[in-house]
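What you are looking at is a predicted structure, and each value in this text was computed from that prediction instead of being measured.
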Amino acid sequence: MSQTPSARVIGVRDDIVSIRMLKDDEGEFYPITKNEVVLICPQRTDGARQEKLQAEVLRVRHGEADVQVFETTRGVAVGDAVEQTGQMLSVSLGPGLLGQVYDGLQNPLEVIAGQQGFFLPRGLAVDGIDQQQKWSFQPSVKVGARVKAGDLLGRVAESRFSHKIMVPFNLRGEAEVTWVQEGSFTVSTPVVRLRLSNGDEREVSMQQRWPVRVPVNRDLLREGYNQRQFPDQPMLTSIRLIDTFFPVALGGTACIPGPFGAGKTVLQGLISRYSNVDIVVIVACGERAGEVVETITEFPNMPDPRGGTLMDRTVIICNTSSMPVAAREASIYTGITISEYYRQMGYNVLLIADSTSRWAQAMRETSGRLEEIPGEEAFPAYLDSAVRALYERAGMVLTNEHEQGSLTLIGTVSPAGGNFEEPVTQSTLRTVKTFLGLSAERAYKRAYPAVDPLISWSRYLDQLEGWFNDRLAPQWVEQVKRMLALLREGEQVQQMMQVTGEEGVTLDDYLAWQKSQCLDQVYLQQDAFDDVDASTPVERQKELFMLLVECLDNPPALKDKDAVRAHFVKLAGLFRNLNYSRHDSPDYRRYLSEIKQMVVHVQAS
């Protein structure tokens, strides 16, 4: 890292700063590259600590560059010194990440608050991983072993997980292990020494730095050490509406757009808590401070169904809307890089980005200050490609150890006024394979989760048809599609009744509407605050769904609309009571028996 200035500030526009490179002894400009991190050093006359503001190079011209500063530029003036780091924006990867709350630059907020108080000082750099804590390293290689990038060197215990220490991902070619030690060490202590192909020696510790804008396994895929896999199983969330009707694959992508108050935060919490994933990474990107505070205070106290608290296997990266725009834009890349790191160990990782709208708005502000040609609604013309590049980093990978690891990316979108036609939502829909559209109308009716089944969709339903038909029931997907068609038919009848009333529709149409209402109320809706109904395991989903389909397919011979209404009110009440009863409890068996008696009675008649 350069400790002498190599450039000077020549202009400041909010968080965009223009710099002019100085010349070296040979009269040439100091070299600078796009995405390099530089440090802006505002002049201090009061003898206080010299602030060094991190900034990332966005654009390079002959002898000049534009950089985005990750903190407020108050006090930055023309002529201030600029130092180069020679590095891209990077994060530290190693044991000690789980349970941490970071900002977008991987500064541990709890550590800084303990040192500096709750008002974070500007220009403060703190190690993302505790450099004093010791970890018990158990090597997996011996002297003389031949290794390559991404290979396993050893393990340490992190929380309940076996954290794999791997050969640095940027290693070129094969290397020979010439020395290894076992014991308790800090993350910066060398534990393995490698002899590279050119004869040089390289010491490897338990942590490594990686640039956030580069996928962790880019070189591993290119060299054939890793292989991308086709997602072949669902990420089971225990939310009936998602698992049955709009599934998300392990290693897949999804988006949850919706207006304010539609229940995005509660839905995210349920998915994080009950999904069949190992690691959860939450990126609170540009949301209101109140929502972010709620997230970082609830997760440490939220019990994990697997034992302990949810925070034991969670990493939170937060940048509220009051934080600088540039840091907001960087936070998603920080989160996805940490997610890729744990995927590389063979774990199933869930990344929830809340919200990608704020991330896109940060890009729009930066693009405007750079005076780039705007696209629709002043978003940058490259919005589509940026969204696509982000979601493409999700996926399932076969690692060096021939283990499958997955990264599932769910991005929430906050369209202004709930308008799903705005550019960010549309760019996201063209990229993801599951769309869970939240409805303000359903939220107003207290129908939670407020996912509108008439506008939502999942391409994984057909893609995972083999898994569903083999693991749940033959023709499972066909039955699900029939029930979706029933919901659409019921909506059409309801629209007719809004004009004509119940008297204006036939008995058959009224029966179809009552069926769709029953399906919606007892299966699509779920009580997030009930200990039993909040989480429905897939086996119980199968039992409930097949029983409900049987009831809807075999209604009794009802002579008028009053009889139809009475029948489905009773049926819905029994199913709701069943949903609130613990599996195989006396109440559960009683309600199940009453429902089956209704079906038997219908079949007998």
Side-chain angles (χ1 to χ4, degrees), residues 1-44 48-93 102-107 121-129 131 168-170 172 188 202 205 207-214 218-219 324-331 333-334 337 362 366-367 369-370 372:
M1 180 184 295
S2 172
Q3 297 299 322
T4 58
S6 57
R8 296 284 179 184
V9 173
I10 60 173
V12 181
R13 300 186 302 279
D14 292 319
D15 62 348
I16 301 297
V17 173
S18 298
I19 63 175
R20 176 174 294 126
M21 307 307 299
L22 302 179
K23 294 185 177 181
D24 57 20
D25 296 337
E26 298 179 357
E28 299 291 335
F29 289 116
Y30 283 103
I32 191 169
T33 60
K34 190 177 185 298
N35 295 127
E36 181 182 351
V37 173
V38 298
L39 304 175
I40 297 176
C41 307
Q43 296 181 17
R44 300 300 299 262
R49 172 182 61 88
Q50 173 62 64
E51 297 173 330
K52 294 191 175 184
L53 311 183
Q54 286 193 67
E56 184 180 24
V57 177
L58 296 179
R59 183 168 58 190
V60 178
R61 302 182 298 276
H62 180 68
E64 295 182 359
D66 293 320
V67 304
Q68 63 174 352
V69 185
F70 295 115
E71 301 186 76
T72 175
T73 55
R74 182 181 303 165
V76 176
V78 172
D80 284 345
V82 179
E83 298 176 2
Q84 290 181 252
T85 66
Q87 303 292 326
M88 297 175 66
L89 180 64
S90 303
V91 293
S92 296
L93 303 175
Y102 295 114
D103 70 359
L105 302 181
Q106 207 194 12
N107 292 312
R122 189 176 66 164
L124 186 69
V126 179
D127 292 314
I129 298 178
Q131 300 296 304
F169 304 126
N170 58 0
R172 301 291 184 184
S188 57
R202 178 173 178 177
S205 66
Q207 72 171 350
Q208 56 178 306
R209 298 279 294 175
W210 190 260
V212 298
R213 299 189 188 276
V214 178
R218 183 193 63 178
D219 296 339
V325 171
R328 187 192 314 170
E329 192 263 347
S331 59
Y333 293 104
T334 297
T337 302
T366 301
S367 176
R369 291 166 187 170
L370 289 173
E372 296 176 335

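When the side-chain contact (heavy atoms from CB on, under 4.5 Å) test is applied to Glu71, the partners found at least two apart in sequence or on another chain are Leu53, Arg122. Taking Asp66 as the reference, Arg59, Arg61 meet the salt bridge (Lys or Arg N to Asp or Glu O under 4.0 Å) condition, with sequence neighbours excluded.
Here the CG-OG1 distance, from Asp103 to Thr334, works out to 8.0 Å after rounding to the nearest 0.5 Å. In this structure, CD1 on Ile129 lies 5.0 Å from CD on Gln207, to the nearest 0.5 angstrom. Between the CG atom of Asp15 and the CD atom of Glu56 there is a distance of 11.5 Å, given to the nearest 0.5 Å. Here the straight-line distance linking atom CZ of Arg74 with atom CG of Asp14 works out to 12.0 Å at 0.5 Å rounding. Atom NZ of residue Lys52 and atom CG of residue Leu124 lie 12.5 Å apart, to the nearest 0.5 angstrom. Here Glu83 contributes atom CD and Ile40 contributes atom CD1; the two are 11.0 Å apart, rounded to the nearest 0.5 Å.
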Inset, instruction - Please test Arg172 against Asp219 for side-chain contact (heavy atoms from CB on, under 4.5 Å), starting from the C-alpha separation and ending with a verdict. - result: CA-CA 9 Å; Arg172 301 291 184 184; Asp219 296 339; 4.0 Å; yes
Legend entry - Worked verdict on Leu58 versus Ile16 for side-chain contact (heavy atoms from CB on, under 4.5 Å): CA-CA 9 Å; Leu58 296 179; Ile16 301 297; 3.9 Å; yes
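Judged by distance alone, the side chain of Glu51 and the main-chain N or O of Gln43 form no donor-acceptor pair under 3.5 Å.
When the options Leu89, Asn35, Val37, Val38 are evaluated for a side chain to side chain contact (heavy atoms under 4.5 Å, CB included) with Val57, the one that passes is Val38.
When all heavy atoms of Pro168 and Gln208 are compared, the closest pair comes out as CA-OE1, 3.3 Å.
Under the 4.5 Å side-chain criterion, counting only non-hydrogen atoms from C-beta, Asn170 is in contact with Trp210.
At most 12 non-hydrogen atoms from other residues, nucleotides or ligands lie less than 6.0 angstrom from CZ of Arg20.
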For residues 21-32, which side-chain donor-acceptor pairs fall under 3.5 Å, sequence neighbours excluded?
residue, atom, partner, partner atom, Å
Asp24, OD1, Glu26, N, 3.0
Asp24, OD1, Gly27, N, 3.1
Asp24, OD1, Glu28, N, 2.9

